[in-house]
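All of these numbers come straight from a predicted model, not from anything done at the bench. Side chains included, hydrogens not; waters and symmetry mates left out as well; all remaining heavy atoms used. Read the numbers this way: they start at 1 and go in the same order the structure lists the ligands and their atoms.
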Amino acid sequence: ATAPASWDKPLAGKVAVVTGAARGIGATIAEVLARDGATVVAADVPAAGEALAQTANKVGGTALALDVTASDAGDKLAAHLLERHGGADIIVHNAGITRDKLLANMDDAKWNAVIGVNLIAPQKITDVLVEKGALKEGGRVVDVSSIAGIAGNRGQTNYGASKAGVIGLVQATAPVLAQKNITINAVAPGFIETAMTAAIPLATREGGRLMSSLQQGGETVDVAETVAWFASPASSAVTGQVVRVCGQSML
Ligand code: NAI
């Protein structure tokens, strides 16, 4: 590993893409990576417009309208990165959705939407960026999984399967990307208060919080700091790993 010029700004000179950066965990990841010195490309669906622009302004980065499930998403992102920045050093696949239903009521549309955004898109985009040289040698890939992909969660067969799949793909991809000195790791958050979890009934939310052995829900910054560590020179020798940010040791 090469130590950064400054540990105050360990990502100085690096270009980082964060998907789903308009709000929630992704917006905080963008802030923390920028704090650490990275130039941030904040990406989100076109409909995120104003919120995405706010994130980009806040972190002094640029906003990119990008639906990660679009068939040309990887090509579009690669072209943007190569033209504007000569490539990226870090990509954080944070964009994610839920379409919760008990299994009996889980239709194909809900399965396909969740698997498409949470599992297929991150891998396809990583593949295209690497193939086109838009993710530089020595780069970092960080995928956002979930405790639901490790422990399961009622009504979330599609979501849990997608997030378990992310762990599988991180492990399978690590030795391949290692040939280019690129690491790939995952963070698996527990319950974090965002717009995504605001839709969950209060009693269930309280249950999620209290399940934590630390007796508290995590905050977006807890996830973001772990992502920042995976992106930093401090974790150069770490790949194919999953870190749970959920205050739980028993699962
Ligand atoms: P959120 O719903 O607040 O934010 C998700 C962002 O992703 C939104 O800005 C949305 O527009 C964007 N997005 C959705 N589909 C997209 C697409 N096709 N292309 C580009 N962007 C898209 O959710 P939150 O809570 O911030 O979640 C972020 C990540 O963390 C997700 O992957 C989620 O599954 C994961 N996570 C969240 C937990 C929580 O408790 N909030 C727990 C574990 C994991």
Please identify which atoms of ligand 1 are closer than 4.0 Å to at least one heavy atom of [X].
X: Gly96; value: 5 (C), 7 (O), 14 (C), 31 (C), 32 (O)
X: Ala95; value: 7 (O), 13 (N), 20 (C), 21 (N), 22 (C), 32 (O)
X: Val144; value: 29 (C), 30 (O), 35 (C)
X: Val45; value: 11 (O), 16 (C), 17 (C), 18 (N), 19 (N), 20 (C), 21 (N), 22 (C)
X: Phe191; value: 40 (O)
X: Asp67; value: 17 (C), 18 (N), 19 (N)
X: Ile97; value: 14 (C), 15 (N)
X: Thr197; value: 39 (C), 40 (O), 41 (N)

Below 4.5 Å, heavy atoms only, C-beta onward: do Val17 and His80 meet side chain to side chain?
no
Heavy-atom gap Glu193 to ligand 1 smaller than 4.0 Å:
no
So, 4.0 Å and heavy atoms of Gly190: is ligand 1 close enough to count as a contact?
yes
Do you see a donor-acceptor pair shorter than 3.5 Å between the side chains of [X] and [Y]?
X: Thr28; Y: Thr220; value: yes
X: Arg140; Y: Ser235; value: yes
X: Thr39; Y: His85; value: no

Between Asp127 and Lys124, does any NZ, NE, NH1 or NH2 come within less than 4.0 Å of an OD or OE carboxylate oxygen?
no
Regarding [atom]: of the candidates [options], which has the closest heavy atom?
atom: atom 7 (O) of ligand 1; options: Ala27, Ala188, Gly20; answer: Gly20
atom: atom 9 (O) of ligand 1; options: Asp44, Thr28, Asn153; answer: Asp44
atom: atom 25 (O) of ligand 1; options: Asn94, Val117, Thr220, Thr194; answer: Thr194
atom: atom 44 (C) of ligand 1; options: Ser145, Ala42, Pro46; answer: Ser145

Of the side chain and backbone of Leu66, name the one, both, or neither that has a heavy atom under 4.0 Å from an atom of ligand 1.
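Backbone only.
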Mind checking whether Val68 contacts ligand 1 via backbone (N, CA, C, O), side chain (CB onward), both or neither, at a 4.0 Å heavy-atom cut-off?
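Both backbone and side chain of Val68 come within 4.0 Å of ligand 1.
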Assess whether atom NZ of Lys180 is packed by more than 12 heavy atoms of other residues, nucleotides or ligands within 6.0 Å.
no
